[in-house]
2 protein chains.
Amino acid sequence: MLTTLGNITMGITERRQRQKEEVRASILSAAWQLVSTEGWQAMSIRKIADAIEYSVPVIYDHFENKEAILLEFTKQGFRLLNDTIKKATAPYTEPEAQIEAIAYAYWNFAFDNNEYYQLMYGMGLPGCDTVAQISELKDFTGLVMDPINRMMEKSGNKDAEAFLKLHTFWSMLHGMVSINMMNKGNSRDELNMMVLKDFIKGFISGIKV
Amino acid sequence: MLTTLGNITMGITERRQRQKEEVRASILSAAWQLVSTEGWQAMSIRKIADAIEYSVPVIYDHFENKEAILLEFTKQGFRLLNDTIKKATAPYTEPEAQIEAIAYAYWNFAFDNNEYYQLMYGMGLPGCDTVAQISELKDFTGLVMDPINRMMEKSGNKDAEAFLKLHTFWSMLHGMVSINMMNKGNSRDELNMMVLKDFIKGFISGIKV
DNA sequence: GTACTTTTGCTAACAACGTTAGGAAATATA
DNA sequence: TATATTTCCTAACGTTGTTAGCAAAAGTAC
């Protein structure tokens, strides 16, 4: 076969590539249908094959494995988040306003695109709803709440904000931990200790207003 | 059969209960061996059965299902965390010092007991190490870093802390989101907006020192 | 000690999963 | 028309969680 430009064979390979990409797109479409309705844990190669009306091995002609499909969505998720942030900051020029806009945009993105977010940060399996039923968790919140309450008493603040401060404290800690666990290996180094120290200082002084 | 105290039959049922609890304990022991060495995703009923030298269905006489075993560890994890926090705060009386001690204790607990922590917060499956290879993530950090840098320029701070502040910002946001996603349903309410606003205010003013 | 009941723990199966080998059928090339 | 290639399926392997049903052992009662 000659690779002459404008040859018929050229059109055939182009059509084939086009068809191949159509199948690939339909795989992603069917996969996302599953992810968005039943969660990413419920996505399976066999269900995708069923949905696109092809046999199972065809999927492996387009993706190396199941994880590669999910990785595609993870990337898509970050692209979507980046776009959202760009749009959110665009109306502002002052960095303070932009940071605030980013925070709100990030927050809304997470809950508007729940399934994307869970994929992006590897959130998943064990009892998502059962966590609330663990009595030990209440003990934990009590333990942290106590010094916060006492700090507020010292500075004459009202009780209503204690739960708020607990939330802030816990969120920050868990955020730091889980982000560090993703990029595993680098944890517990100087930078992290500085971030932690920086946060604690700010947190304490924030209560004593 | 009579339930007279000190009867022989009484001793039999007691021994049976003791033996049953021994099996239950050996299940948990074998399960934890798997979780701690290969991660909680690698734990399987069949591997446990193999390790304790019983057949598979025996496990279901002690636990309703696989999730129940993992839930046991989740509870154990929170108990361990609570004990750690109690010990950490004990040497101090001032709430400020206690809060600081809690933060460090929490941080160290997370990395000393990696598998517990991942279980407790439902962290898991998708490419934990592949996340670092996503190019879109760099775009994201760039987007957030930009206004932070400009804020620091405005206030005459040095560049070295910008990455630190980015880390703080990101951690806080992700922490809030993921903790809210666990207790799903309550999200995006007034309290969360207050926490978010509170954090942003503190974050911005923290940069302008 | 023998007959009956309960407990115990097994084999075997079901349904679903990711992944792959090997070959049949369709298509394109000479 | 014969050959080479691509496409795509059947069928299997080895996992997984979970359960039905039955054999053997242990305890109970006479």
Side-chain angles (χ1 to χ4, degrees), chain A residues 1-4 6-27 30-31 34-35 38-72 124-127 130, chain B residues 1-4 7-27 30-31 34-35 38-73 124-127 130:
Chain A
M1 175 201 129
L2 299 172
T3 53
T4 319
N7 201 337
I8 279 189
T9 50
M10 207 57 191
I12 286 172
T13 52
E14 274 173 11
R15 188 211 59 200
R16 288 228 261 226
Q17 208 160 4
R18 206 168 49 230
Q19 284 177 336
K20 193 156 192 169
E21 271 176 34
E22 271 171 29
V23 174
R24 192 191 136 96
S26 78
I27 289 173
L34 288 166
V35 170
E38 302 178 51
W40 61 264
Q41 4 261 352
M43 188 198 87
S44 88
I45 300 288
R46 282 179 156 87
K47 284 184 198 163
I48 296 171
D50 228 55
I52 65 173
E53 293 174 307
Y54 273 96
S55 73
V56 166
V58 171
I59 295 171
Y60 288 88
D61 294 339
H62 300 272
F63 296 94
E64 198 188 344
N65 49 30
K66 180 183 173 175
E67 206 179 353
I69 299 176
L70 292 174
L71 183 68
E72 196 65 35
L125 275 187
T130 59
Chain B
M1 175 201 128
L2 300 172
T3 52
T4 319
N7 201 338
I8 280 188
T9 49
M10 208 56 191
I12 286 173
T13 52
E14 275 173 11
R15 190 210 57 199
R16 288 226 262 225
Q17 206 158 4
R18 207 168 47 230
Q19 284 177 335
K20 193 155 193 171
E21 271 176 35
E22 271 171 29
V23 174
R24 191 190 136 97
S26 77
I27 289 173
L34 289 165
V35 170
E38 302 178 50
W40 60 265
Q41 4 260 352
M43 189 198 87
S44 88
I45 301 289
R46 282 178 157 87
K47 285 184 197 163
I48 295 171
D50 229 54
I52 66 172
E53 293 175 307
Y54 274 95
S55 71
V56 166
V58 171
I59 294 171
Y60 288 89
D61 293 339
H62 300 271
F63 296 93
E64 199 189 342
N65 51 30
K66 181 183 173 174
E67 205 180 354
I69 300 177
L70 293 175
L71 183 68
E72 197 65 34
F73 293 138
L125 276 187
T130 58

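Because the structure is predicted, anything quoted here is derived from the model rather than measured. Chain identifiers are assigned alphabetically (A, B, ...) following the order of the sequence lines, protein sequences preceding nucleic acid strands; residue numbering begins at 1 within each chain.
Between the C1' atom of D:dT19 and the CG atom of B:N65 lies a distance of 13 Å, rounded to the nearest Å. B:Q41 places its CD atom 13 Å from the P atom of D:dG17, with the value rounded to the nearest Å. Distance B:I48 CD1 to D:dT18 P: 11 Å, rounded to the nearest Å. Rounded to an integer number of Å, the gap from CD of B:Q17 to P of C:dT7 is 13 Å. The CG atom of A:L34 sits 15 Å away from the C1' atom of C:dG18 (whole-angstrom rounding). One atom, CD of A:E64, and another, P of C:dT19, lie 9 Å apart when rounded to the nearest Å. The separation between A:Y60 atom OH and D:dT10 atom P is 17 Å, rounded to whole Å.
Rounded to the nearest 0.5 Å, atoms CD (B:E64) and CD (B:E67) are 9.5 Å apart. We find the CG-CD1 distance between B:N65 and B:I59 to be 12.0 Å, quoted to the nearest 0.5 Å. From B:L71, atom CG reaches atom NZ of B:K66 across 14.0 Å, with rounding to the nearest 0.5 Å.
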Polar-atom pairs under 3.5 Å, protein N or O versus N or O of nucleotides 13-17 of chain C: list them with distances, or write none.
| unit_1 | atom_1 | unit_2 | atom_2 | d |
| --- | --- | --- | --- | --- |
| C:dA13 | N6 | B:R46 | NH2 | 3.3 |
| C:dC17 | OP1 | A:S44 | OG | 3.1 |

Please tabulate the protein-to-nucleotide N/O contacts below 3.5 Å involving nucleotides 6-9 of chain D, giving atom names and distances.
| unit_1 | atom_1 | unit_2 | atom_2 | d |
| --- | --- | --- | --- | --- |
| D:dC9 | OP2 | A:S55 | N | 2.9 |
| D:dC9 | OP2 | A:S55 | OG | 2.6 |

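Residues that satisfy the side-chain contact (heavy atoms from CB on, under 4.5 Å) test with B:R24, not counting sequence neighbours, are B:L28, B:H62, B:F63, B:E72. Remark: B:Y54 engages no residue in a ring pair (Phe, Tyr, Trp, His ring centres under 6.0 Å) (not counting sequence neighbours).
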Name every donor-acceptor pair, under 3.5 Å, that has one atom in a side chain of residues 43-53 of chain A and the other anywhere in the protein, sequence neighbours excluded.
| unit_1 | atom_1 | unit_2 | atom_2 | d |
| --- | --- | --- | --- | --- |
| A:S44 | OG | A:R46 | N | 3.4 |
| A:S44 | OG | A:K47 | N | 3.1 |
| A:K47 | NZ | A:A42 | O | 2.9 |

